[in-house]
Structures are given as structure tokens and as C-alpha cells.
Amino acid sequence: MTMNFMIPVRDDGSVEPRFGRTPKVAVATVDDSGSITGWQTFDVQWDRLHDEGPEGSHHARIVRFLREHEVAAVVSTHIGAGMQHTIMKMGLAMLPATNPDARASVAAVARQVAR
């Protein structure tokens, strides 16, 4: 069985610290052993879209993305309290990005989850 992890990323492959205002995210597919078997980067433009639309529309935008990409865990250095609540209500894991490199961060937490 595989699991999808999402992480905010920068063009250079490092972790973007602004979860809700990131321009790009990556979705990593991880197998049972904790190995990354797939990696896709998406230009979500959440930095530009953050303040557009009515109240709650930005969180709804993020939720749609998470559902559409069947994300089971979010890896990040920081997530605001409101979004943390939303992610918890969705039943998704929130895991810390502990390495500046996005792939290395996902790989580290994926190995822990696989144990």
C-alpha cells in the first residue's frame, strides 16, 4: 500500500516555510518500506491566492487539493492554528519538516511512519 505526503517546496528543492502561502507543493508517493516512489511538484500559487475570495475560501482551496491528491500526511515547518485544526478534522497526519531539503524531510518522516 502506498501513501501520499505533501510538502511545501521552493524551486531549489528546499522546504518552503510558509505552508498556506507557498507558491509550490510537492506530493510524494511513499511505499510500505518508507521509500519515495514518486514525486510531483505543483504550482499552487497559494501565496497569490491567500487573500482572494470570501472568508474560508483559502482553506477550502487547500482541502480540495489534499483530497484530489489523496494526501494522507502533511510535512511542514509551520502550519497556522486554523489550518492545523482543518487538517486534524480531515484525519491527516501533520509531520515536522526537519531537513532543509524537501525530499530528505519527507524521506525521514516516511521511514518513521513505515515502522
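For this chain, numbers begin at 1 and follow the sequence in order. Bear in mind that the values here come from a model prediction, so they are computed numbers and not experimental data.
At a threshold of 4.5 Å between non-hydrogen side-chain atoms, the residues Phe5 and Val109 count as touching. Annotation: side chain of Phe65 is in contact with side chain of Val44 (closest heavy-atom distance under 4.5 Å). A heavy-atom distance below 4.5 Å is not found between the side chains of Phe19 and Val25. Counting only heavy atoms from C-beta outward, the side chains of Val9 and Trp39 approach each other to under 4.5 Å. Side-chain contact between Val75 and Met6 is absent, with no heavy-atom pair separated by less than 4.5 Å. Between Asn99 and Val15 there is no side-chain heavy-atom pair separated by less than 4.5 Å. In this structure the side chain of Leu95 never reaches within 4.5 angstrom of the side chain of Val74, judged on heavy atoms.
With sequence neighbours left out, Thr29 forms a side chain to side chain donor-acceptor pair (under 3.5 Å) with Asn4.
Sorted by first and then second residue, the side-chain hydrogen bond (donor to acceptor under 3.5 Å, both in side chains) pairs involving residues 60-83 (not counting sequence neighbours) are His58-Arg61. The stretch residues 17-27 participates, sequence neighbours left out, in these side-chain hydrogen bond (donor to acceptor under 3.5 Å, both in side chains) pairs: Asp11-Lys24, Glu16-Arg18, Arg21-His50.
The shortest non-hydrogen separation linking Val30 to Thr37 is N-OG1, 4.4 Å.
A side-chain donor-acceptor contact under 3.5 Å links Gln84 to the backbone of Ile79. Within the 3.5 Å criterion, the main-chain N or O of Thr98 finds a donor-acceptor partner in the side chain of Ser105.
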